[in-house]
Number of protein chains: 2
Amino acid sequence: MEISLLRAYLDLAGTCHFARSSERLHLSPSTLSRMIQRIEQQAGARLFERNNRQVSLTRAGESFHRYAVSTLQAWEALQVELHTRGSRVQGEVSLYCSVTASHRLLDSLVSRLRLRHPELELKLHTGDQAQSLQRLLAGEEDTVIAARPQDLPAGVEFQLLARSRLVFITARQSAQNTAGYHASVASPAYFDWARTPLILAESGLARRHVQAWLRQHKIRADIYAQVSGHEAIVSMVALGCGVAAVPELVLDASPVRDSIQSLDNWPALPDFEIGLCTLSNRLREPMIEAVWNAARD
Amino acid sequence: MEISLLRAYLDLAGTCHFARSSERLHLSPSTLSRMIQRIEQQAGARLFERNNRQVSLTRAGESFHRYAVSTLQAWEALQVELHTRGSRVQGEVSLYCSVTASHRLLDSLVSRLRLRHPELELKLHTGDQAQSLQRLLAGEEDTVIAARPQDLPAGVEFQLLARSRLVFITARQSAQNTAGYHASVASPAYFDWARTPLILAESGLARRHVQAWLRQHKIRADIYAQVSGHEAIVSMVALGCGVAAVPELVLDASPVRDSIQSLDNWPALPDFEIGLCTLSNRLREPMIEAVWNAARD
DNA sequence: CGCTATATTGCATAAAACGGAATGCTTATG
DNA sequence: CATAAGCATTCCGTTTTATGCAATATAGCG
């Protein structure tokens, strides 16, 4: 019985609502549904009484709840036992990442780290993701989350955490908003580049990808502003300032994603590979190694 | 943390020997090795100190051992709790299968059944696997393990437990044994069918497959004997009585497999699909349903 | 200095899990 | 009473993960 299944079970037992739980757990409803089916299968009993409208625990489900809680506690106790005794990793480690990454990528890392090394204090710095490798190389950060460039600087270790498409976005053309500008969004060839500015990142991988893309498609665009940080770019696009390319991950997490549309039928940009980075020669340091290992799995 | 991983861990902790444990667990050494790596990964600590010659528990491994034992106990207690309270399934169910199936396919089924329904008494009958569906239809057995025929009789439920190739076998041509008969085993076309008898099952799917195969390849073979039960056929082949086709599963489990060689380069026969069968209209009976569900997963 | 025993890795394949879209049931609403 | 909206589930194509076989590597033994 997988730990993640127990967590899912307990969450669902709390909410009694698949859609809500699946959101809290960052899973699709279908996945959660089948996770529960798998649990019931392995337990050999129906744990939730449910139809399409109501969800509740069965008698067997209550037994399972006790089991799940105690098993999860035992697991967490083990983590503490294994990781406080031997190494006693303590001190501070800094981690630099974008606001988005801090939401979507870090929760499992951080929770595992707190369990394994309660004495280790993680100093989280957020900012423009494009800066991250520079900050790492400059020694300003111990670890960073960055998009992997075509060729990684020598001496930098990279551990993949997530992939994300890089997508073009514009403001959603709502009834109210139509006045702003009318762009054919079917293809970049028909797009009115003269009238619609391109919002370009100040630096970083996204900037380079977009520039290469413009060259390849022989498009000359007005560059409206050079902004730092994908989150800020998303905000500007939402306000109707122009078109831009950002990682889908940032878009998904954005509070203004409803007023944005992504131009999926445009020719694709390369994917972003987002991961944890640190300097190779510091990977032996216990604190950094602890962060590194917590990120794996 | 998967139950099966805990079981593997505990077994290895007992033997301190990958090869031996992997055999006991019916796994390949490489699989076991990677299972342990996965456990260590998830635990975030090295649990076995090992080189290519010696295996021993680390300090962390001992902690994990305590955790594994208690977690496994909690799991089994849950099984008992879930399955004794509600249904109280008691009585006798008969299960007919071959000797081979009883070794290789039944252990997980039986152990789960004893855990879930200690009051249920399984009456195990072994015999020729080819008889099983007849016995089921005749009402002589409640459940059987059988190879799935091209078309399943109406009213019979089938649940796949394992796939197995159907392979031709002859006696291994050892130095001592060469005198017996010299057959080119490279291909059935060059095989000396006139001098080497074919041992054919008295009935059942294997018999039909082989007969079709002979027709297709236009081979007329002497039929030396018609034997019932694949295990008996294997014994006869091992004694040098001729050539035959049996499911690989039977071969693997045979005590005389060392004096047998399989003719893998011969044109293939259809695979065997081996599974649990019962009558559809009896699937609601609690005892039969219990067996059925215990077989799943 | 091979030789054997044995844990591990590379690689190809098989199985499982996942997300998005479609489905179907159930309650709310006009 | 008909229609809509909400929600768990299933279908399906894709990605990820696990597995076994064969090859590799290494330690101990004669």
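Lettering follows sequence order; numbering is per chain, from 1. Below, all heavy atoms of this structure are taken into account, side chains as well, without hydrogens, waters or symmetry copies.
- With sequence neighbours excluded, no residue forms a side chain to side chain donor-acceptor pair (under 3.5 Å) with A:Ser164.
- Distance CZ (A:Phe18) to C1' (C:dC25): 15 Å, rounded to an integer number of Å.
- Note that the NE2 atom of B:His209 and the CG atom of B:Leu166 stand 6.5 Å from one another [nearest 0.5 Å].
- In this structure, A:Glu76 places its CD atom where more than 12 heavy-atom neighbours from other residues, nucleotides or ligands lie under 6.0 Å away.
- Nucleotide D:dA8 holds its P atom 13 Å from the CG atom of A:Leu25, rounded to whole Å.
- Atom P of nucleotide D:dA8 and atom CD1 of A:Ile39 are separated by 16 Å, given to the nearest angstrom.
- Spacing between atom CD1 of B:Ile36 and atom P of C:dT6 amounts to 17 Å, rounded to whole angstrom units.
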Exercise for review: Sugar-phosphate means primed atoms, P, OP1 and OP2; the rest is base. With that split, encode nucleotides 15-23 of chain C 5' to 3' as B, S or - using protein heavy atoms under 4.0 Å.
Suggested key: --SBBB---
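- For the pair A:Leu12 CG and D:dA8 C1', the interatomic distance rounds to 11 Å; values are reported in whole Å.
- Screening residues 17-51 of chain A for ring-ring contact (aromatic ring centres under 6.0 Å, His included) gives A:Tyr9-A:Phe48 as the qualifying pairs, with residues at least two apart or on separate chains.
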Protein-nucleotides 23-30 of chain D N/O pairs closer than 3.5 Å?
| unit_1 | atom_1 | unit_2 | atom_2 | d |
| --- | --- | --- | --- | --- |
| D:dT26 | O4' | B:Asn52 | ND2 | 2.8 |
| D:dT26 | O2 | B:Asn52 | ND2 | 3.4 |

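- In this structure, B:Glu289 has no side chain to side chain donor-acceptor pair (under 3.5 Å) partners at least two apart in sequence or on a different chain.
- In this structure, CG of A:Leu47 is placed 17 Å from P of D:dA8, rounded to the nearest angstrom.
- The pair A:Arg38-B:Glu2 does not count as a salt bridge, with every side-chain nitrogen at least 4.0 angstrom from each carboxylate oxygen.
- Taking five base pairs at each end of the helix from C:dC1-D:dG30 to C:dG30-D:dC1, the local helix axes there meet at an angle of 20°, rounded to 10°.
- Here A:Arg116 contributes atom CZ and A:Leu78 contributes atom CG; the two are 10.0 Å apart, rounded to the nearest 0.5 Å.
- For B:Asp11 and B:Arg24, the salt-bridge test passes: some basic side-chain N is under 4.0 Å from an acidic carboxylate O.
- Salt-bridge annotation for A:Glu157 and A:Arg148: absent, with no side-chain N of the basic residue lying under 4.0 Å from a carboxylate O of the acidic one.
- For the atom pair CG of A:Leu6 and CD1 of A:Ile39, the computed distance is 6.5 Å after rounding to the nearest 0.5 Å.
- As a whole-Å value, the separation of A:Phe48 CZ from D:dA8 C1' is 13 Å.
- Annotation: the span from A:Met35 atom CE to A:Gln41 atom CD amounts to 15.5 Å, rounded to 0.5 Å.
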